[in-house]
Amino acid sequence: MGMQGQPLLVTSLIDHAAREHAEREIVSRWADGSITRSTWGEVGADARRFAAAMARLGMQKGDRIATLAMNHGHHLVSWYGTAGMGGVLHTVNPRLFDEQLVYIVNHAEDRVLLFDAMFLPIVERLRDQLPTVEHFVLFDAPAQGDYKSYRDLIGAEDGRFEWVELDERDPVGLCYTSGTTGNPKGVLYEHRSNVIHAITEIQPDVFDMSNRSVILPIVPMFHANSWGIPFAAATVGAKLVFSATNEAQVLCDLIHAEGVTHSAGVPTVWLAMFAHMDATGIDYGKLYRVIIGGSAAPRAMIERFMKAGVDVGHAWGMTETSPIGTMGKRPWNWDEMAFDERVDIVCRQGCPPFGVELRVVDDEGKELPRDGVTSGRLQIRGPWIIQRYFKAGEDAADDDGWFDTGDVSVIHPDGVMQITDRAKDVIKSGGEWISSVELENEIMAHPDVVEAAVIGIPDERWQERPLACVVLRPGKATTPKALQDFLATRVARWWLPESFAFIPEVPKTSVGKFDKKVLRARHAEGGIEVVPVSRDADR
């Protein structure tokens, strides 16, 4: 006898959570400051109402349903409800430019758009350019004009909807990359890939989640499935705490009021939170584990958390990897390690969980040694890694399933992967590579520095040299020479920048990463005042 073949479906996640963890809370803090509470049981029932409402609007299996929304319980319901009626949920990033928003909604051919009231100006501005969208639905406000209301739609249904019969390879989600070059590209997630990813994510060496966990995902639901947290939380029945806004005070208040144990977000969010904590003197509450990803976490940030007894999970991934690619791991001899050794390990991007394989190759595609020294292009494959972009004519992965990430990295002998740069951000000076990421992290370790972004600028002798664009703490003043001296013991001598620029803030992409192409363009146009290190001024 073979095993009973139950397909791996996203609907089975919500059915499990609603059945086995019915009372566990889902908390939503809305944009207006109000807080509502629901449970996994209610989310399960509402998801069936949502599926019925979509069917009533004429939505069919395979249709794309879009959301332009922040993190809240209604958004969560739409994820599971769309899955249950056989649809594909397309999370749209409201921080994109108008042209990109119009492009992706039209490329996806979304038929319904659900949105938060705070994004009404975007919808009003663009709706005439979205011919495929038949229904506009307000998530968090009453109906107005031809904008329907989410509450009215699901309130009209009895919740006795039978999930549409599906294959585990059917698509269930769609998320577009933020498009560093050309138009954004769509990544289609299938039921099977999302479920396997969710089961992987709860593991102790990944996000370390259980029924006792109280999780505040700061990473938006439109950013690579909120890193898979809403799916993983359902597998264990964890309490979810959502916030529709990401001000530091709001997040700190929620961490204390709701007993948050786990949180996840990009480094810029934690920098703002640290500043708020320093100003008010409040502590970390019950926070036990933070996941930092999206861009490399500065060493000083990791150290601060670890000194406070908060466990740091340093994650690397991308929209194309669902997003878990690697996770900082504690080796078996962690307990014997000194604090600085532990920090060294957490600073690296970590190891792939079971299912994911990594390799580093040269420009000819030849595999390079895992010696912790030889850097090359990072490739990845596994059950939740992209094969082909949505509507593309050919695969994004090669015949063996390897996908080129666009990152440059080394793999250490213990299997730990360390990103040295994005292929397009690496600085090539005299034929040698300088890692902009490592240089930034060392500069950000300076007590007067809040943020630093390093770009390559043309140099007659060396082809390229690093320009350090630095944001200083309020009221602090330091000189290029002082920063260079600070770096002198931390990086190779030939890495030391001769040029600095003091800027009010580092421009960010729509997902909160440093936008170095903006800095490169500003520099090319003469829009950045470059201060060379004067040899004598500070002597």
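Each residue takes its place number in the sequence, starting with 1.
The environment of Glu529 atom CD is sparse: at most 12 non-hydrogen atoms of other residues, nucleotides or ligands sit within 6.0 angstrom.
Residues Tyr189 and Phe231 place their aromatic rings such that the two centres sit no closer than 6.0 Å.
Proximity of Trp384 to Thr200: side-chain heavy atoms (C-beta onward) are separated by under 4.5 Å at one or more points. Looking at heavy atoms from C-beta onward, Leu378 lies out of side-chain contact with Phe403 at the 4.5 angstrom threshold.
Across every non-hydrogen atom of Asn225 and Pro230, the tightest pair is O-CD, 3.6 Å.
Residues satisfying the salt bridge (Lys or Arg N to Asp or Glu O under 4.0 Å) test with Arg473, not counting sequence neighbours, are none.
Listed by first and then second residue, the salt bridge (Lys or Arg N to Asp or Glu O under 4.0 Å) pairs that reach into residues 286-309 are Asp278-Arg304, Arg289-Asp311, Arg299-Glu303, Arg299-Asp344, sequence neighbours excluded. Screening residues 373-384 for salt bridge (Lys or Arg N to Asp or Glu O under 4.0 Å), with sequence neighbours left out, gives Glu357-Arg381, Arg377-Asp404.
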Exercise. Could you please spell out the steps behind the side-chain hydrogen bond (donor to acceptor under 3.5 Å, both in side chains) verdict for His75 and Thr67?
Key: CA-CA 8 Å; His75 199 174; Thr67 59; 2.9 Å; yes
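Comment: Arg125 engages Asp98 in a salt bridge, judged by a side-chain N to carboxylate O separation of less than 4.0 angstrom. A salt bridge links Arg465 with Glu498; the closest basic N to acidic carboxylate O contact falls under 4.0 Å. Between Lys329 and Asp208 there is no salt bridge, since no side-chain nitrogen of the basic residue lies less than 4.0 Å from a carboxylate oxygen of the acidic one.
Proximity of a side-chain donor or acceptor of Ser226 to a complementary backbone N or O of Val219 within less than 3.5 Å is detected. No side-chain donor-acceptor contact under 3.5 Å links Thr321 to the backbone of Ile385.
In this pair, His223 and Trp227 present their aromatic rings perpendicular. The plane angle is above 60°, beyond the 30 to 60° band. Ring geometry, His107 versus Tyr176: the interplanar angle exceeds 60°, so the pair is classed perpendicular (tilted spans 30 to 60°).
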